[in-house]
Participant: 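Supplied in structure tokens, the structure appears directly below.
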Amino acid sequence: MSEDIRVRFAPSPTGLLHIGGARTAIYNWAYAKHFNGTFILRIDDTDPERSTKENTQVILRALKWLGLDWDEGPFKGGPHEPYFQTQRAQTYQDALQELIKRDAVYPCFCSAEKLAQDREAAHERQDSFQGYPGTCRKLSKEEAQAKIDAGEPHVWRIKVPEKEFIEYDDCVHGHAKFNTKEMDDFILIRSDGTPTYNFATVIDDALMGITHIIRGDDHISNTPRQVMVYEALGYPVPKFAHLSMILGPDGKKLSKRHGATSVEEYKEKGYLPEVIVNYLALLGWSLDGETTIFSKETLCNNFDLDRISKNPAIFDEEKLNWMNAEYLKALSDEEYTKRATMPALIEAGLASEDDYKNNPEWFEKLAPLAKPRVKVIPEIAPLLSFLFKEGELEYDEKSVQKNVAKEGVKELLDLATEALSKIDADNFSVEEIDKTLQPIPEAKEVSKKKFFQPIRVGITGSQVSPQLSESMELLGKETCLKRLEDVKKFAL
RNA sequence: GGCCCGUUCGUCUAGCGGCCUAGGACACCGCCCUCUCAAGGCGGAGAUCACGGGUUCGAAUCCCGUACGGGCUACCA
């Protein structure tokens, strides 16, 4: 039995839960599940400008919707509370004190202007090193203390160690090695006393015992800096797994310009949470190269870091749509009704929860009609709205022109009406309807198309619709006869 | 400018030196089924494995360059 795996997802509540963040969360979660580890949720809200309570709520809700339950974190508790960085100020101060004691940091009194000037100058000269030149590192302890005592504003910087390389293991990219010559003494504590990301995240990850840091590869360049902090404090350096970016259809960073970018939006658009998890899991990871649809259980049983791909992935909504349709079709009629049909109908104002309770069998019969035609949940309402219209239908003009307003149609509709009226209203079923209507076109020597399409337009208002007989059964004898009567006015 | 990362069908990917005349999925095309639209079944097209050099009996797979794309270089995360 190896060490217990502890992973974490640490979003900054500066916006909704982005698709990329969701994938990171999924990978962390699945990794923990697979190895019986612990999945920790921590809110990295150290940026006071952009972090909000609302965003935190939204992110938490989105994670729950996706079914990514955390073992430790907000509203769940755990041995390392609190799980909000803004509530851990003392922890970072303690860490700073420890670093001071170890002589691994020093105060820096350079003003923002001075730093900007230095940077500018280095840029002009095209220096190979453009980081902080280490001005204040040269100050003696006494000089520095005197300045602090005099109340001069200062930040705390880490001392880049003497050794030549900083190294760490990346489960996706392999062993990484950075030359310390290229690193500068970066800031740990800001002049207002708050920690920077590169400091807070290391302290928390170390204290929370995180063993594997799975996150976006935009952090690769930050990693050696963070490793410096681990080492300065004598903490074990965790393993890393850096995930490539998710891009928009144009190959550029996924942004609002491309449409929906947050999981909240995909929920609104009618995607199933398990589809989002399945699809996102596949963006940068594969089960076996063959299987595209798999359950969360399968994901958890098989997910590992060694099958994560290094290349950035383009988010393909077409494939997402296909997958959503697949999942939808696989639901039982009862589940389909509860999760898809009813939400869609209620949203469209066509039916209510009570309607369903009063007649569940009827509503469940809608599922087979919708399943093969629907990719996202909201598509259900327009597809089935004809079943809920009172009074005369609004007809699709083209459908009427093409199918009803033709010579001989009146007679065919009359025949259909007459035949149907003989069916007992209590027995107005698909079987009876088929048995009644099926022989007519043959007998009259007209094509089935010519016979059925006018009926379809009469019953549904359009030449494009779900199965006719099923629709008729759902509507009932009375309504069907009424609608056939209505449409006759266009027939010749 | 410096450092770092990436590059297999349009897209997601399989591939970790011979099984690859490169496999699967989405999308696309054709046929079948069919009273519409779908769904479904069957089949097809689609990748000189970014490019150029090596290493090797043998490379998509290893090494080195180049190009292109991306990240970092903040008192943002």
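Letters A, B, ... mirror the listed sequences (proteins, then strands); counts begin at 1.
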Participant: Give the rounded distance in Å between these two atoms: NE2 of A:His242 and P of B:C5.
Facilitator: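 Taking NE2 of A:His242 and P of B:C5, I get 12 Å after rounding.
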Participant: Using a 4.0 Å heavy-atom cut-off across all strands, classify A:Thr292 as base, sugar-phosphate, or nothing.
Facilitator: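 Touches sugar-phosphate only.
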Participant: Using the C1' atoms only, state how far B:G52 lies from B:G44, rounded to an integer number of Å.
Facilitator: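 Per the computed distance, 35 Å lies between those C1' atoms.
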Participant: Respond yes when some side-chain nitrogen or oxygen of A:Arg307 is under 4.0 Å from OP1 or OP2 of B:G15, and no when none is.
Facilitator: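 True: A:Arg307 side-chain N/O within range (under 4.0 Å) of B:G15 OP1/OP2.
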Participant: Would you please determine if the base of B:C26 is stacked by A:Trp322, with stacking meaning a centroid separation under 5.5 angstrom and planes under 30 degrees?
Facilitator: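 Aromatic stack with B:C26 absent for A:Trp322.
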Participant: Taking the nucleotide of RNA chain B with the nearest heavy atom to each, does A:Gln438 or A:Arg225 sit closer to the 5' end?
Facilitator: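 It is A:Gln438 whose nearest nucleotide is closer to the 5' end.
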Participant: Parallel under 30°, tilted from 30 to 60°, perpendicular over 60°: which one fits the rings of A:Phe240 and A:His242?
Facilitator: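 Correct class here is parallel.
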Participant: Scan A:Gly284 against the nucleic acid and name what it touches under 4.0 Å (heavy atoms): base, sugar-phosphate only, or nothing.
Facilitator: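 Since only primed, P, OP1 and OP2 atoms lie under 4.0 Å of A:Gly284, the category is sugar-phosphate.
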Participant: Ignoring backbone atoms, test whether A:Thr291 places a side-chain nitrogen or oxygen under 4.0 Å from the OP1 or OP2 oxygen of B:G24.
Facilitator: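 No, because none of the side-chain N or O atoms of A:Thr291 sits under 4.0 Å from OP1 or OP2 of B:G24.
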Participant: Establish, with yes or no, whether the OP1 or OP2 oxygen of B:G6 is under 4.0 angstrom from a side-chain nitrogen or oxygen of A:Asn311.
Facilitator: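 So the side chain of A:Asn311 is outside the cut-off, no N or O lying under 4.0 Å from OP1 or OP2 of B:G6.
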Participant: Counting side-chain heavy atoms from CB outward, which of B:U11, B:C75, B:A77 is closest to A:Asp316?
Facilitator: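 Side chain of A:Asp316 sits closest to B:U11.
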Participant: Counting side-chain heavy atoms from CB outward, which of B:A77, B:G23, B:U13 is closest to A:Ala313?
Facilitator: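 The closest nucleotide is B:U13.
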Participant: Between B:C33 and B:U48, how far is it from one P atom to the other, in whole Å?
Facilitator: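 These two P atoms come out 37 Å apart once rounded.
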Participant: Within this structure, what is the CG-CG distance for the pair A:Asp486 and A:Leu481, rounded to the nearest 0.5 Å?
Facilitator: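 Rounded to the nearest 0.5 Å, the CG-CG separation comes to 11.0 Å.
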Participant: Rounded to whole Å, please give me the gap between CG in A:Asp218 and P in B:G6.
Facilitator: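 About 15 Å, once rounded to whole Å.
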Participant: For B:A74, does OP1 or OP2 lie under 4.0 Å from any side-chain N or O of A:Arg119?
Facilitator: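 Indeed, a polar side-chain atom of A:Arg119 lies that close.
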Participant: Of all the nucleotides listed (B:U36, B:G6, B:C37), which has the minimum atom distance to the side chain of A:Arg456?
Facilitator: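 Closest nucleotide among those given: B:U36.
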Participant: Examine the base of B:C75 for any acceptor or donor lying under 3.5 Å from a partner atom in the side chain of A:Ser191, and report the outcome as yes or no.
Facilitator: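 Indeed there is one.
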Participant: Starting at CG of A:Leu283 and ending at C1' of B:C26, how long is that distance when rounded to a whole Å?
Facilitator: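 Checked: the CG to C1' distance equals 12 Å.
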Participant: What distance separates A:Arg125 CZ from A:Glu120 CD, expressed to the nearest 0.5 Å?
Facilitator: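 The distance works out to 11.0 Å.
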Participant: Say we look at B:C9 and B:A60: how far apart would their C1' atoms be, to the nearest angstrom?
Facilitator: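 Between the two C1' atoms, the distance is 14 Å.
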Participant: Between B:A39, B:G10, B:A25, spot the one nearest the side chain of A:Pro372, thanks.
Facilitator: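 Minimum distance to the A:Pro372 side chain belongs to B:A39.
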Participant: Under 4.0 angstrom, heavy atoms only, what part of the nucleic acid is A:Glu182 near: base, sugar-phosphate, or nothing?
Facilitator: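 Result for A:Glu182 = sugar-phosphate.
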Participant: The side chain of A:Ile220 is closest to which nucleotide in this list: B:A39, B:C35, B:C5?
Facilitator: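 In terms of side-chain proximity for A:Ile220, the closest of B:A39, B:C35, B:C5 is B:C5.
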Participant: Could you say whether A:Asp127 or A:Asp217 is positioned toward the 5' end of RNA chain B, judged by the nucleotide with the nearest heavy atom to each?
Facilitator: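 Its nearest nucleotide lies further toward 5', so the answer is A:Asp127.
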Participant: From CG of A:Leu369 over to C1' of B:U36, roughly how many Å is that when rounded to an integer?
Facilitator: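 To the nearest whole Å, that distance equals 14 Å.
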Participant: Looking at A:Ser286, I'd like to know whether one of its side-chain N or O atoms comes within less than 4.0 Å of OP1 or OP2 on B:A14.
Facilitator: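 True: A:Ser286 side-chain N/O within range (under 4.0 Å) of B:A14 OP1/OP2.
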Participant: Sort out the partner of B:G69 for me: Watson-Crick or G-U wobble, both distances under 3.5 Å, none otherwise.
Facilitator: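 The base-pairing partner of B:G69, which may sit in any strand shown, is B:C5.
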Participant: Taking only N and O in the side chain of A:Lys329, is any of them less than 4.0 Å away from OP1 or OP2 of B:G40?
Facilitator: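 So the side chain of A:Lys329 is within the cut-off, an N or O lying under 4.0 Å from OP1 or OP2 of B:G40.
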Participant: Checking A:Lys449 now: which residues fulfil side-chain hydrogen bond (donor to acceptor under 3.5 Å, both in side chains) with it, not counting sequence neighbours?
Facilitator: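 Here no residue qualifies.
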Participant: Choose from B:U13, B:G70, B:C37 the nucleotide whose nearest atom is closest to any side-chain atom of A:Lys252.
Facilitator: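 It is B:G70.
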Participant: I need the CH2-P distance between A:Trp285 and B:A25, as an integer number of Å.
Facilitator: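 Distance, rounded to whole Å: 18 Å.
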Participant: Using 30° and 60° as the class boundaries, would you call the ring planes of A:Phe109 and A:His154 parallel, tilted or perpendicular?
Facilitator: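 Tilted, since the angle between the ring planes falls between 30° and 60°.
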Participant: When the P atoms of B:A77 and B:G18 are considered, how many whole Å apart are they?
Facilitator: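 Here B:A77 and B:G18 have their P atoms 47 Å from each other.
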Participant: For B:C26 versus B:G65, give the span between their P atoms, rounded off to a whole number of Å.
Facilitator: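 Per the computed distance, 41 Å lies between those P atoms.
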Participant: Rounding to an integer number of Å, can you tell me how far A:Lys435 NZ sits from B:C35 P?
Facilitator: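 Taking atom P of B:C35 as the reference, NZ of A:Lys435 is at 20 Å.
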Participant: Is the distance from OP1 or OP2 of B:U36 to the nearest side-chain N or O of A:Asn403 less than 4.0 Å?
Facilitator: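 No, because none of the side-chain N or O atoms of A:Asn403 sits under 4.0 Å from OP1 or OP2 of B:U36.
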Participant: Please tell me if A:Lys448 has a side-chain N or O lying less than 4.0 Å from either OP1 or OP2 of B:C35.
Facilitator: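 So the side-chain polar atoms of A:Lys448 do come within 4.0 Å of the phosphate oxygens OP1 or OP2 of B:C35, strictly under.
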Participant: Quick one: OG on A:Ser465 to CG on A:Asp396, what's the gap to the nearest 0.5 Å?
Facilitator: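 It comes to 11.5 Å.
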Participant: Quick check on the 6.0 Å ring-centre criterion: do A:Tyr230 and A:Tyr168 meet it?
Facilitator: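 No: the rings miss the under 6.0 Å criterion.
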Participant: Output the rounded distance in Å from CD (A:Glu113) to P (B:A74).
Facilitator: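 Interatomic distance, CD of A:Glu113 to P of B:A74: 16 Å.
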Participant: With rounding to whole Å, what would you report as the distance between B:U7 and B:A47 at their C1' atoms?
Facilitator: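 So the two C1' atoms sit 13 Å from each other.
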Participant: Look at A:His173 and B:G6 and indicate whether a side-chain polar atom (N or O) is within less than 4.0 Å of OP1 or OP2.
Facilitator: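 Yes, A:His173 has a side-chain N/O under 4.0 Å of OP1/OP2 on B:G6.
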Participant: Taking atom types as they are modelled, would you say the side chain of A:Ser244 forms a donor-acceptor pair with the base of B:G6 within the 3.5 Å cutoff?
Facilitator: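 No, the side chain and the base share no sub-3.5 Å donor-acceptor pair.
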Participant: C1' atom, B:C62 versus B:G15: distance in rounded Å?
Facilitator: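 These two C1' atoms come out 15 Å apart once rounded.
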Participant: Tell me the interatomic distance from A:Met323, atom CE, to B:A27, atom P, rounded to whole angstroms.
Facilitator: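 So the two atoms are 11 Å apart, to the nearest Å.
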Participant: Which part of the nucleic acid does A:Phe178 contact within heavy-atom distance under 4.0 Å: base, sugar-phosphate only, or nothing?
Facilitator: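 The answer is sugar-phosphate, as A:Phe178 gets under 4.0 Å only of primed atoms, P, OP1 or OP2.
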Participant: For nucleotides B:C19 and B:A25, find the distance between their C1' atoms and express it as a whole number of Å.
Facilitator: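 Comparing C1' positions in B:C19 and B:A25 gives a spacing of 22 Å.
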Participant: Within the 4.0 Å heavy-atom criterion, would you say A:Asn222 contacts the bases, only the backbone, or no part of the nucleic acid?
Facilitator: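 The answer is base, as A:Asn222 lies within the cut-off (heavy atoms under 4.0 Å) of a base atom.
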Participant: Give one of base, sugar-phosphate or nothing for A:Glu124, where a contact means two heavy atoms less than 4.0 Å apart.
Facilitator: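 No contact.
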Participant: Is the distance between the ring centroids of A:His212 and A:Tyr27 less than 6.0 Å?
Facilitator: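 No, the ring of A:His212 stays outside the 6.0 Å limit from the ring of A:Tyr27, centre to centre.
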Participant: Tell me whether A:Ser399 contacts the main-chain N or O of A:Gln463 through its side chain, where contact means a donor paired with an acceptor under 3.5 Å.
Facilitator: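 Judged by distance alone, yes, a pair lies under 3.5 Å.
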Participant: Check this for me: does the side-chain of A:Gln130 come within 3.5 Å of the base of B:G1 through a donor and an acceptor?
Facilitator: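 By the distance-only test, yes, there is a pair.
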